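Below is one structure, written out as structure tokens; the observations come after it.
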Amino acid sequence: MVNKELAIEATDLRVIRGGKVVLHDLTVGIPTASVVGLLGPSGGGKSTFIRSVVGVQRIAGGQVTVFGEPAGSPALRHRVGYVTQTPSVYADLTVRENVAYFGAVCGAPEHATAEAIASVDLTPQTDQRVGTLSGGQLSRVSLAAALVASPDLLVLDEPTVGLDPVLRRDLWDLFHRLAAGGTSLLVSSHVMDEATRCTRLLLIREGRIIADTTPADLLTTTGAPDAEAAFLSLIDSQEGRA
Amino acid sequence: MNPRLTLITAGRVLRQIRSDHRTVALMLVVPCVLIGLLAWVFGDKPMVFDHIGPALLGVFPFVVMFIVTSIATLRERTGGTIERLMATPLGKADFMVGYAVAFGIMAIVQALVATAFAVWVCGLDVAGPVWVLVVVAVLDAVLGTALGLLASAFAHTEFQAVQFMPAFVLPQFLVCGLLQPRDQLPTFLSHLSDLLPLSYAVDAMGSVATKASPMGEVGPDLLIIGGWIAASLLLGSLTLRRQTE
């Protein structure tokens with residue numbers, strides 16, 4: 001069953017890595033043109049789910065479709081931007097050379113390079129070798145290398161880790177601007193505070209989705225004061241400790 | 001395979017090499033130093049230098065390119081850039097051939113410098129035309145790149161990648177005919193040397209060294225080396241996986 005209104009649709013998705021079940025028959029739908037947070041502790045299956053959506057993860061069962069097509073199919077590779085958890089760019093090239101290369105591979109026009117660099121606030125570093133940048137700047141180059149292709153779906157694995165609060169806020173603002181322009185975003189994070197910045201939330205733990213909700217509903221249903229407490233109360237209630 | 005994406009990737013690899021001045025210097029200077037050393041070793045036996053000099057002019061770029069390529073692709077794998085590229089329209093063959101083109105261009109420069117040094121500075125005297133030396137050296141270097149790409153598919157760490165050099169290259173060197181003519185090797189090794197590509201590289205260089213018009217012998221050798229290059233790139237593309245566990 002394929003739903004055109006969904007950016008991502010996973011049905012009974014099962015992934016086994018190293019003989020261990022990492023995703024347990026996950027079924028979930030992610031709407032278009034919104035910022036969906038994938039939150040949960042590390043080791044819970046966030047990166048594996050993201051890799052499945054992008055189509056680089058071998059899956060053991062079920063299926064994932066993106067815009068109605070099987071994840072990773074050639075038609076999708078122009079439309080899906082992927083930002084890996086550790087910044088994956090070439091340290092021996094400049095910011096411009098990196099962004100231009102990934103743009104060219106996806107067929108982006110030349111002017112998109114400078115625009116993508118500007119959108120992550122790295123214009124002053126344009127001609128700097130990436131290997132000489134700070135960790136936070138590095139992850140923004142990695143982001144720009146995905147933005148340059150103006151993807152319809154942008155999948156980001158922990159993009160805000162290690163960034164200072166101002167930059168984090170700026171990035172979330174950027175994500176919402178992109179969503180307002182029609183881009184669908186799936187953003188993972190293990191920092192529960194970031195839950196409040198998302199339009200929708202998926203809480204994932206031990207390979208299972210334990211909540212598919214909005215930030216407001218999460219707080220209302222659990223009666224918790226913040227996202228972190230809400231997450232804990234969800235776990236407690238599921239394990240019968242409430 | 002998409003020629004545009006292949007060339008874009010080759011350009012990117014060349015920009016990476018260019019940014020590392022020391023690597024460029026090493027690629028160009030090391031073969032010259034080795035040739036110079038060889039000429040010096042056989043200073044009073046120029047006949048010997050004329051005999052094995054061309055062969056080593058083919059072997060050195062092969063070894064250098066093998067190492068550089070296998071490390072470069074391993075870096076793509078450990079750095080996560082290959083996983084990222086596999087999520088883009090870039091084809092596996094675009095990636096492989098892009099590397100081969102980039103290192104092929106480096107190989108042309110390297111072969112020109114090393115051959116010029118061997119002929120004009122060290123006085124290497126070959127019976128055949130010098131440009132054939134350059135062509136064979138370039139093809140040997142591209143062969144090194146293609147085998148390096150293939151080998152790196154089986155290396156998971158830098159330690160493994162570095163050790164593939166002696167594992168892939170030295171056995172070929174031992175049976176390629178430089179130490180002992182190939183027809184005088186024990187039967188099994190003689191057949192083995194008939195299979196391995198470096199044997200044909202050394203045969204081709206031997207023909208240039210001894211024959212005034214060597215194309216009759218060199219042509220088939222180059223075809224076999226070309227076949228090995230194509231097969232290695234194809235196998236390398238097949239071992240590259242879009243999806244991993």
Side-chain angles (χ1 to χ4, degrees), chain A residues 15-20 22 47-48 50-60 66 71-94 96-98 100-108 129-132 142 145-146 148-149 151 153 155 157, chain B residues 1-27 68-69 71-99 101-102 106 156 158 239-245:
Chain A
V15 173
I16 297 172
R17 295 181 81 176
K20 197 170 154 278
V22 183
S47 293
T48 304
I50 279 185
R51 284 167 41 85
S52 308
V53 168
V54 175
V56 297
Q57 175 67 55
R58 195 176 302 156
I59 62 180
V66 176
S73 61
L76 286 174
R77 290 188 203 133
H78 291 273
R79 301 181 66 192
V80 178
Y82 174 33
V83 182
T84 49
Q85 187 164 7
T86 40
S88 46
V89 283
Y90 299 101
D92 40 12
L93 295 181
T94 65
R96 189 206 308 273
E97 287 169 336
N98 266 292
Y101 173 62
F102 284 102
V105 164
C106 296
R129 191 82 53 81
V130 164
T132 64
S142 197
V148 66
L153 171 67
V155 183
D157 201 354
Chain B
M1 205 183 107
N2 175 326
R4 190 184 69 87
L5 295 182
T6 305
L7 288 180
I8 289 170
T9 301
R12 185 265 296 173
V13 174
L14 280 174
R15 261 180 226 108
Q16 283 182 281
I17 302 171
R18 192 186 59 191
S19 76
D20 186 349
H21 302 297
R22 198 174 294 176
T23 289
V24 174
L26 285 168
M27 281 172 122
V68 174
T69 314
I71 296 288
T73 39
L74 189 73
R75 270 169 51 186
E76 295 248 18
R77 201 159 301 164
T78 52
T81 42
I82 189 133
E83 169 162 316
R84 178 171 206 159
L85 287 173
M86 289 298 101
T88 71
L90 188 79
K92 295 186 285 186
D94 299 328
F95 179 84
M96 288 289 166
V97 180
Y99 261 95
V101 169
M106 284 305 293
H156 295 288
E158 289 84 346
T239 55
L240 199 61
R241 291 261 172 264
R242 279 207 191 263
Q243 295 187 338
T244 52
E245 194 188 284

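From a predicted model like this one, the values you see are computed outputs, not experimental measurements. Below, all heavy atoms of this structure are taken into account, side chains as well, without hydrogens, waters or symmetry copies. Within every chain, numbering begins at 1; the chains are lettered A, B, ... in the order of the sequence lines, protein sequences first and strands thereafter.
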*State, with a plain yes or no, whether a side-chain heavy atom of Tyr82(A) is found less than 4.5 Å away from one of Thr88(B).*
no

*With a 4.5 angstrom heavy-atom cut-off, which part of Ala149(A) approaches chain B: side chain, backbone, both or neither?*
neither

*Would you call Asp92(A) and Arg75(B) a salt bridge, using N to O less than 4.0 angstrom?*
yes

*Are any non-hydrogen side-chain atoms of Arg77(A) and Arg242(B) less than 4.5 angstrom apart?*
yes

*Picking from Gln16(B), Arg84(B), Glu83(B), which has the most non-hydrogen pairs under 4.5 angstrom with chain A?*
Arg84(B)

*Does any heavy atom of chain B fall under 4.5 Å from the side chain of Val15(A), the backbone, both, or neither of them?*
neither

*Beyond-backbone contact of Thr244(B) with Gln57(A), side-chain heavy atoms, under 4.5 angstrom*: no

_chain A interface, residue from Thr81(B), Ile82(B), Asp94(B) that has the most non-hydrogen pairs under 4.5 Å_ = Thr81(B)

*Could you check if a side-chain atom of Cys106(A) sits within less than 4.5 angstrom of a side-chain atom of Pro89(B), using non-hydrogen atoms only?*
yes

*Heavy-atom distance under 4.5 Å to chain A: side chain of Leu90(B), backbone, both or neither?*
both

*Please examine the side chains of Leu93(A) and Arg15(B), heavy atoms only from C-beta on, and report whether any two atoms are closer than 4.5 Å.*
yes

_Engaged part of Ser142(A) at the chain B interface, taking heavy atoms whose separation is under 4.5 Å_ = both

*Under 4.5 Å heavy-atom distance to chain B, tell me which part of Pro87(A) shows up: side chain, backbone, both or neither.*
backbone

*Can you see which heavy atom on Gly79(B) is nearest to which on Ser88(A), and at what distance?*
O-CB, 3.4 Å

_Please classify the contact between Leu76(A) and chain B as side chain, backbone, both or neither, with a heavy-atom cut-off of under 4.5 Å._
neither

*Choice from Asn2(B), Leu85(B), Leu5(B), Ile17(B) maximising heavy atom contacts with chain A below 4.5 Å*: Leu85(B)

*asked:* For Ala100(A), which atoms come within 4.5 Å of any heavy atom of chain B: side chain, backbone, both, or neither?
replied: neither

*Indicate yes or no: does Glu245(B) engage Arg51(A) in a salt bridge with an N to O separation below 4.0 Å.*
no

